[in-house]
Amino acid sequence: MHITTWNVNSLKVRLPHVLSWLEANPVDALCLQELKLPDEKFPVAEIAAAGYRSFFLGQKTYNGVAILVKDGLHVDEVDKIHNIPGFDDHQQRLIAVTIEGVRVISAYFPNGQAPGTEKFEYKLRWLAALELWIKDEMVRHPRLALTGDFNIAPDDRDVLDPAKWEGQNLVSPEERAAFFRLIELGLVDSFRKFEQAEKSFSWWDYRMFAFRRNAGARIDMVLLSPLLASICTGCAIDKTPRAWEQPSDHAPVTAILDTAQHLDAKV
DNA sequence: ATGGCTTGCACCGCAAGA
């Protein structure tokens, strides 16, 4: 099973990219963030024509998340979740479905603006609620993938110039501590399970020729429960769509799970 | 250097992203 996360920064603008990327990369689940459109404008038909079912939670202008599931895969209909249970939020930032027994979560973590701001406080509250829910969810779903735009660069390797970033949003000690509390729950950063090129990033600012200079950050991730991590055979960032005309500022990140191996192991 | 791009909204400049 191939699971991808991609912050598309407007699904309306990026739909052609999503469709051509899927044609070349027919993954099983494509988790999207920053749809920036209300549910009534979600391009269900176009995505269905490409062979995918859409599960989505949108809103006007901001946020919005979705999971596109390849036709033929079983999705547990009663098991859908919209936003973090128990966390009262009008921002649409999380959706979860169960695909072939794998709990797949598409999450758009708050940006946080800057430490000390109200938005940063909201980010920390959101992260605390997420941790609480994920802890329970991992008990209910031993096969769990938490994917999305984390808006946290967990390690100094995950930005081009750590000295420039010090103390700022995305790398602050509070955010990194919240990220490592997820890791302490047992989640594995699938990207770091494998040898990767140095200076591997998933987001590059639109400004200052950041992509050309590779002035980026690795903030988009697929975290896996221990059971899924044990059958994960690879994780990669695909930089190609970032170089397309009118791109998203984020690149898709794909984790590969050898689910057949898992089923054999369970017998 | 609080700028630099890109998007959506709603009116032609603003908020928000990371």
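Proteins come first, then strands; the chains are lettered A, B, ... in the order of their sequence lines, and each starts at number 1.
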Notebook entry, point to check: For A/N7, which contact category applies under a 4.0 Å heavy-atom criterion: base, sugar-phosphate, or nothing?
Noted result: sugar-phosphate

Item checked: Interatomic distance, A/Q113 CD vs B/dT2 C1' [rounded to whole Å] -> 11 Å

Checklist line | Cation-pi geometry met for A/R218 and A/F201 (6.0 Å, 45°) | finding: no

Next item on the list: Assign A/Y62 to base, sugar-phosphate, or nothing according to its heavy-atom contacts below 4.0 angstrom with the strands shown.
Entry: sugar-phosphate

Checklist line | Atom-to-atom span, CG of A/N151 to C1' of B/dA16 - whole angstrom | finding: 12 Å

Note to self: Among B/dG17, B/dA16, B/dT7, which nucleotide has an atom closest to any side-chain atom of A/R93?
What the structure shows: B/dG17

Item checked: A/H250 vs A/V13, nearer the 5' end of DNA chain B by closest nucleotide -> A/V13

Next item on the list: Indicate whether OP1 or OP2 belonging to B/dT7 is found under 4.0 Å from a side-chain N or O atom of A/Q246.
Entry: yes

Check: Can you find a side chain N or O atom of A/K12 that sits less than 4.0 Å from OP1 or OP2 on B/dT7?
Finding: no

Check: Separation of A/Y206 atom OH from B/dG3 atom C1', in whole Å?
Finding: 18 Å

Next item on the list: Please report, rounded to the nearest Å, how far the P atom of B/dA16 is from the NZ atom of A/K123.
Entry: 16 Å

Check: Are A/W6 and A/H250 near enough that their ring centres are under 6.0 Å apart?
Finding: no

Note to self: Applying a 4.0 Å non-hydrogen cut-off, can you work out what A/Q168 is touching in the nucleic acid: base, sugar-phosphate, or nothing?
What the structure shows: nothing

Item checked: A/E34 side chain, from C-beta outward: closest of B/dG4, B/dT7, B/dG17 -> B/dG17

Margin query: So that I can tick it off, tell me whether A/E184 and A/R181 are bridged by a salt bridge, with the cut-off set at under 4.0 angstrom between side-chain N and carboxylate O.
Written below: no

Item checked: Any A/K119 side-chain nitrogen or oxygen under 4.0 Å from OP1 or OP2 of B/dG17 -> yes

Next item on the list: Give one of base, sugar-phosphate or nothing for A/I219, where a contact means two heavy atoms less than 4.0 Å apart.
Entry: sugar-phosphate

Note to self: I want to check a possible cation-pi pair here: A/R212 against A/F209, using under 6.0 Å from ring centre and within 45° of the ring axis as the test.
What the structure shows: yes

Margin query: Tell me the interatomic distance from A/W244, atom CH2, to B/dT6, atom C1', rounded to whole angstroms.
Written below: 18 Å

Check: Using a cut-off of less than 4.0 Å, is there contact between a side-chain N or O of A/R207 and OP1 or OP2 of B/dG17?
Finding: no

Item checked: Same-atom distance (P) from B/dC5 to B/dA10, integer angstrom -> 26 Å

Check: At under 4.0 Å between heavy atoms, what does A/D205 touch on the DNA or RNA strands: base, sugar-phosphate, or nothing?
Finding: nothing

Margin query: Is the phosphate of B/dA16 approached by A/T61 (side-chain N or O, under 4.0 Å from OP1 or OP2)?
Written below: no

Check: Between atom CG in A/L35 and atom P in B/dG17, what is the gap in whole Å?
Finding: 15 Å

Next item on the list: Please report, rounded to the nearest Å, how far the P atom of B/dT6 is from the CH2 atom of A/W204.
Entry: 16 Å

Item checked: 5' priority, DNA chain B, between A/Y108 and A/K60 [closest heavy atom] -> A/K60

Checklist line | Ring center gap for A/F109 and A/W126 short of 6.0 angstrom | finding: yes

